[in-house]
Structures are given as structure tokens and as C-alpha cells.
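See below for the structure under consideration.
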Amino acid sequence: MNRWVITVVGVTVIALAVAGVGGTEPTLKGPGIIRITSVTKRFARVDVGRRGYSAGDMQITRVSLFNRRLRKRPLGNGQLVCTATGQKFWNCTGTYILPAGKITVSGVLIYSDFYDMAVTGGTGRYNNVRGTQVVTRLRRSEKLMLFRLVIG
Amino acid sequence: MSAAGRKPESLRTRLVVASVLFAALVTVVFASLVFAVFELRDATDREARANDRTVAALSLQELFLDGENGVRGYALTRNRELLSSWRHAQALLPQRLRTFAPMFEEGEQRKRASDLVESMRRYKLDYAEPLIRIANETPGAAGTKEAITEGADRIRGITARFDAIVAREQASALESADAAAHGARRAIAIAVGGLCATALLILAFGVFLSRSIADPLRDAAESSRKLAAGDLTARVQEHGAGEVGELTRAFNEMAERLQENRVELEAQNARLRESERLKSELISIVSHELRTPLASILGFTTLLRDRDFDEESRRRYLEIIHDASRRLNTLVNDFLDAQRIEEGRLELTFETLDLQRLLAEQVRLFAGQSERHDIDLEAAAHPLPVRGDRERLAQVLGNLLSNAIKYSPDGGRVTVEALRRNDHVRVVVGDEGLGIQPNDQARVFTKFFRGGAGASGISGSGLGLALSREIVEAHGGRIGFTSAPGEGSTFWFELPTDAQSGGAWRVQEPHDRGAKGGA
């Protein structure tokens, strides 16, 4: 009985310690640019109301994030949820999960080939950032994401 | 070593030192000038390179913006003709971008150039090429405000990088231009300063050469001309460095020697003339003084041989012959003495003697030779001891007494006085005779000088007083006279007393006083 209790307490302390270390990663101190590419892994469209584009339709996109210069495997992923607001406008929010933390974006999208979003915040290293995300389609399913971050 | 005792540097050393200094100055000036010129050239090169880089940057920027305008225009209008400028830029940009960054030297500016090249490459890969594709496939997406704004932002960044590079290069060119101008000014200043310093040095060197060589040589030449003209007092001011100074000193020594030689030659000449004169005098005197007694001797001996005379006459003639012979003997002795003195062979036999006794003897001797003269001896109260040669001192006294009698042809009183004064004995012989003409007084003690005696018919060799002076001076004494024409003469001489025997002499006999002679 005592041995089980000691083991559970020890594992719990170690886990908390590891989690604590991970949570205290230093935040961004100044402006910075993150240049990554994204490849669409899943795309789903929810057509509500009138068939075809109509307000209330939703698009959910899941992407893998790459930095080809560092490694070929994905370094993170992201999801963008857009809701049609009418007249081909989509109101989107997205979250991109990077090794140092998450970055959330929000904005209006007309063309998915080239758009920009406002960086609304983040976690981890990016927990105090603001800025702009510019997305440019490079190839069919590959896009360039440029995060221009400033300290919020 | 003191400054006074220090040997002056030789002219050669000074010339070598001056030449080395001159060469060093010229070398320094030229080295500084060359250095300044090289600096000027470097600054000019730096400025030219900065200008080249500025031109390259502006040219690259122009090319890039042309392409960017084409992309932006195409995105907005989808007019493919607008892409021609982009394609033209794309044909040229790779080469330009490869060579752009290496134009800059390692450092901040090179990094700026590299960053600029990278941002331009990113513009092409991340924006322009995707935008052209998007424009082709989704024309509306390429013309959105977001797309255009993104492009404008990127161009602003690139333009700012261009501006930074160009500004830095222009500043660098300006600095280099300033440095070039400064270098040029410095080169001019060094050239002018060096020229002035060299000119001053040459001037100083010329002045030095003039003062050290030319002036002394000119003085020496001038003095040489004077010497050649016979002015042996000509001298050169002793100045000039080293060898020139030695030359002036040597010149002066030569002139001094010439002058001494000339004086000596003149003296020799005077002696020769005097010798000639003496020879002439000697011949004249010998021919005259010897002829007269010889004529008497010959005449009377002929008479005695050819005719018979009574005893008294014969005796009188024989005495005349004897007197003439004695006179000849005296003359010959005087000549021999003069010769001995001339050759430095006058030998004296010193002894301690009473000069008063010797004086009395001579007065007695001469008192009997002339009836017309009264010889008064005023003897001293005490003996007058001197160290001397008895015969020679008697000769001196005899000469003075003989002269006093001879030069008082009308007779008269001859006073002889002897007295002791401190450490010497003084003998004075005075007469009331002819006296000596002032013009002749300086030559009274000269050999064979007889003044007007010859014309007056007074016999003599002219050697008596000369011999007397030599004898007196050989005794450490001195001789002199005072005379007035027509009033007589007073001759005196002084001899040092014999100090060792001064107190041992007895008082002189009173009968020596007041001796009077008659012929």
C-alpha cells in the first residue's frame, strides 16, 4: 500500500515538474517574423441553408505546418474555421500550434489564395503577441504563412 | 672638454653633416609627399568604389522596382504585357544579385547587402511568383487590397534597405571625398612646406658656404694680393670652419714668417751695410791712422840712416819713432780687440781689485802726457772694490782719459771722480773740450764712428768707446755720457761692487788725490 502511494506521488511530482518547465518557456521580447508553409490535410465544408454559398455555411481546414529549411517533417499543425457571412465573405478564426506555443488568428477572408488575418494572441512564447498573418498560396495545397508579430 | 679647448669641426665633417641633413630632409619631404599622394589615391579609390556601389545599388533598385511595378500592374490589370518588365528584371537580377553583395567589404554594409539580396529573393519566391500564379488562376485574389498591401509592405522594406545601403555608401563616399580633399591639402602643404624648407636649407647652406669658404678665401686672395704687392702686414681675419680656418691661420703664419724674414733680411742688410761702412771706415782709418805714424817712422829712420845728428837730436827723433810705434801698437791692439769682440772671443780674467788704485795709476800715466791739461782726481775716501779684469778696466779708463785729452785740443781741466753708490762704483771723467754734436751723440759708441774728429785733425781709430762699452757691459756694468757742444763732455761708467770684499779694504792713500800731468 505505502509503496503504491509513494510511486504515485513521485510520478505526479515529476510530471508536474516537467509540465512546469514547459509552461515557463520565455516569451517573445520583440517584433519577429515567422515564415512557415502549410499543407492542407483536411478540408470540410458544411452547407447550411440555401444550397451553395450562403450565410452560415462553414469551412473547416486542417493543415500541417512545415519549415522546409529545418526539417521535412511537420513541425506543427493548425485549423481554420470560417463561417460565411454573405457576399462571399468568410469570418475565420484559426489556431496554429507551433513548438513554442500557439498563435491564434482572426479575420475576414474573401479569397483563400491570398488573405491576411489579425494575430489576436497566443500561448507559450507567443502569449503576448499581436500582429498580422499573411497567407499566400504557393501551389495547389501549399501555402506560405507569414506571421509578422509585435509585442502586444 | 671645455668649449674653449674643443677643436672645431672640420669643414669636411660640416659639409658631410649638412649634406646628410639636406638629404634626410629631402627624403622625409618626398616620403611624406609620396605617402600623402598614396593616401589621396586610396581615398579617391574608396570614393570611386563607394560611388560604384551606389550606382550599382540604384541601378539594381531601379531594375527591381521596374519588375515589381510589372507584377503589381499585372496583379491589378491582368495585362500580360506588363509582365515584360518583370521578365526582363528576372533575366538580369540573378547575375546582379550574385555580384551585388561581394561588391561590399566585409562588415555591416556587406550584411546589409546580403539581407537586401535575401529580401529581394524572398519577394520573388514568396510574393511575386505566387501572386502571378494566383493572378493567372484566381484573378480576383491577386488584386485584393491585402495582396497589394503586402507587396507594398515588402517593397517598402526592400526600398528602406536600398536607402540604407545607398545612404551609407554616399556617406562613405563623402568621407572618402573629405579624406581625399584633406589628403590633397596635406600633400600640397607638405610639398609647399618641403619646398620652403628645402629652399631655406639651400639658402642656409649657401650662406654657410659663403661665410665658411667664400669669404675667408676672398679675404685670403685680397691679402695675397697685398702680400704680392709688398705689404707684409696684410693679414686674414682668422675665421671659417675647419680647413678654411686652418688655411687662414696658415696664411697668417706664412705672412708673419715673411714679415719676420723681411725684418731679418733688412737687419742683415743693415748689418751688411754697417759692415761695409765699417770696412770702409776701417780702410780709411787704417790708411790714415797707420800712414801717419808709419810716415814718421819711415821719415825719421831715413834721416837717421842717411845723415849724422847730434846725440840730442838723434834721441828726440828716436822718441818720435817710439811714440809712433806705440801708437801703431795701440791701433793694432784696438783692431784685434774689436775683432775678438766681434767674434765673441773677448776673454776676461776676473779678480778683486781696487778700482780707485787703478784709476790713480791711469791718471798718473796720462798726467805726464799733456802739458796743457790738468787732470784732477777726486778719489773716494774708501777703497772701491770690484771684480774685474785689471787690464781691460785700465783700458777703459785709459780710453776715457785719452779721449778727454784728445777732444780738449785747447787744453783745460779734466776731472776724474770715483765714488761708491749703494751696490756699484761709479767713475766719472769730465772735460771742457769740444763736446759732441747732438746729431752724433747716438752713435758715439758705434765702432769707427768719430764724428767730426777726423776733420778736426784728431787722431784715433773710433774703436775706443765701442771697446769700452763692450768691456763695461761684460763686467755687468753700464756706460754713458752727457755732452754739450763747446762745453765739454762727461763720460761715466758703473760697475757692481765686489760685495764679498767690500769691508776688507783699507783707506786709499791721500797722495793719489789731485794729480796733475804735464807733457
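Proteins get letters first, then strands, A, B, ... in listed order; numbering begins at 1 in each.
No more than 12 heavy atoms of other residues, nucleotides or ligands shown are found within 6.0 angstrom of CZ on A:R51. Counting heavy-atom neighbours within 6.0 Å of A:R73 CZ, excluding the residue itself, gives a total of 12 or less. Within 6.0 Å of CD in B:E118 there are more than 12 heavy atoms belonging to other residues, nucleotides or ligands. For B:F30, the CZ atom counts as loosely surrounded, since its 6.0 Å shell holds 12 or fewer non-hydrogen atoms of other residues, nucleotides or ligands.
Salt bridge status for B:E137 with A:R140: absent, with no side-chain N to carboxylate O gap under 4.0 Å.
Residue with the most contacts toward chain A among B:A142, B:G140, B:P130: B:G140 (heavy-atom pairs, distance under 4.5 Å).
To the nearest 0.5 angstrom, B:R122 atom CZ is 11.0 Å from A:I33 atom CD1. Annotation: the span from A:R137 atom CZ to B:I134 atom CD1 amounts to 6.0 Å, rounded to 0.5 Å.
A side-chain contact (heavy atoms from CB on, under 4.5 Å) with B:E146 holds for exactly one of A:V135, A:D116, A:T132; it is A:D116.
By the ring-ring contact (aromatic ring centres under 6.0 Å, His included) test, A:Y126 is found to be paired with no residue, residues two or more places apart in sequence or in another chain being considered.
By the 4.5 Å heavy-atom criterion applied to side chains, A:R148 and B:E150 are counted as neighbours.
Across every non-hydrogen atom of A:L138 and B:L125, the tightest pair is CD2-O, 4.1 Å. Here the closest non-hydrogen pair linking B:D126 and A:T136 is O-CG2, 4.0 Å. Taking every heavy atom of both residues into account, A:F114 and B:A141 meet most closely at CB-O, 3.9 Å.
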